[in-house]
Amino acid sequence: KGPGFFRPILKDPRHFTWIMVIFASMGGLLFGLDQSLISGANLTLPTALHLDSQQISLINSFMPLGAVFGSFLLGPSNEYLGRRGAIILAIVFYTIGAALEAGAISFGMMLAGRLVLGLGLGIEVGTVPVYVAESVGRKVRGNLVSLYQFNIALGEVLGFVVAAIFIKV
């Protein structure tokens, strides 16, 4: 097939590899954002949803708990869906979890959102570095896999910045 919006023709295949690595590593950006945004939400969440300190603790701990359950899905999803399919599955979990969190009107809905978001995280954190490592040449493998880790740290910083900006909203 010819070029199109989703099928660009690149003169050097290494350019496609770089584009693929950058987009795959953006999962780390989401991971960092989701990890740090809850700190800003903790300032207004107890009042907005009428939560006590025990409920807030549960909300904070449900994303890592979801990541544990997501890690159990890591092997089967990579085996049956492949790396790309597992990343897409993680994105679906991220989207559903974020939508549940954003629209949360109750404690249970917020817990469900955090748990589903964690499922996506558990799949993504084990898939993206392997996907990148398997897709690039050995000379740049270490640098490009570390881009994922860099994006996690960048996402954490951006999450705190976004939380600070929107705290008055």
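Side-chain atoms are counted along with the backbone in the values below, which use heavy atoms only and exclude waters and symmetry mates.
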Can you tell me how far apart CG (Leu74) and CG (Leu119) are? Round to the nearest 0.5 Å.
12.0 Å

Hey, are the side chains of Tyr131 and Met20 touching, using non-hydrogen atoms and a 4.5 Å cut-off?
yes

Over 12 non-hydrogen atoms of neighbours within 6.0 angstrom of CZ in Arg84
no

Interatomic distance, CG@Leu33 vs CE@Met26, rounded to 0.5 Å, equals 11.5 Å

Nearest 0.5 Å please: distance from the CD atom of Glu124 over to the OH atom of Tyr148.
3.5 Å

Distance in Å, Leu73 CG paired with Asn78 CG, rounded so as to fall on 0.5 Å steps:
10.5 Å

Ser77 versus Ile123, closest heavy-atom pair with distance
OG-CG2, 3.9 Å

Nearest atoms (heavy-atom pairs only) where Glu156 meets Ser36:
O-OG, 3.0 Å

Phe160 and Ser39 have their tightest heavy-atom pair at CE2-OG, 3.1 Å

Should we count CD of Glu134 as having more than 12 external heavy atoms under 6.0 Å?
yes

Let me check something: do Leu29 and Ile88 share a hydrophobic cluster, defined by ILVMFWY side-chain heavy atoms less than 4.5 Å apart, either directly or through other members?
no

Would you indicate whether the side-chain heavy atoms of Thr127 and Val130 approach each other to under 4.5 Å?
no

Measure the shortest side-chain to side-chain distance between Phe31 and Asn151 over non-hydrogen atoms and say whether it is less than 4.5 angstrom.
no

More than 12 heavy atoms of other groups within 6.0 Å of Ile105 CD1
no

What are the two closest non-hydrogen atoms of Ala24 and Val132, and how far apart are they?
CB-CG2, 4.2 Å

Check whether Leu51 and Leu37 end up in the same hydrophobic cluster, where Ile, Leu, Val, Met, Phe, Trp and Tyr are linked by side-chain heavy atoms less than 4.5 Å apart.
no

Rounded distance (nearest 0.5 Å) linking atom OG of Ser57 with atom CG of Asp52:
8.5 Å

Closest non-hydrogen atom pair between Pro64 and Ser61, with its separation
CD-O, 3.3 Å

Any Leu144 side-chain heavy atom under 4.5 Å of Trp18 side chain
yes

Nearest heavy-atom neighbours spanning Val125 and Pro129
O-CD, 3.4 Å

List the steps, then state whether side chain to side chain contact (heavy atoms under 4.5 Å, CB included) holds for Tyr94 with Leu121.
CA-CA 7 Å; Tyr94 266 125; Leu121 173 64; 3.6 Å; yes

Expected output: side-chain Ser25 to main-chain Ile22 donor-acceptor under 3.5 Å
no

Can you measure from OG1 (Thr95) to CG (Leu117) and round to the nearest 0.5 angstrom?
9.5 Å

Among the clusters formed by ILVMFWY side chains lying less than 4.5 Å apart, do Leu30 and Phe93 turn up in the same one?
no

Please assess Gln55 against Leu49 for the test side chain to side chain contact (heavy atoms under 4.5 Å, CB included), listing each intermediate value before the final yes or no.
CA-CA 10 Å; Gln55 290 172 319; Leu49 294 180; over 6 Å; no

Hydrophobic cluster membership, Val92 vs Phe72, 4.5 Å side-chain cutoff:
yes

In the structure I gave you, are the side-chain heavy atoms of Arg114 and Ile38 within less than 4.5 Å of one another anywhere?
yes

Look at the side-chain heavy atoms of Ile, Leu, Val, Met, Phe, Trp and Tyr, link any pair under 4.5 Å apart, and say whether Met109 and Leu65 land in one connected group.
yes

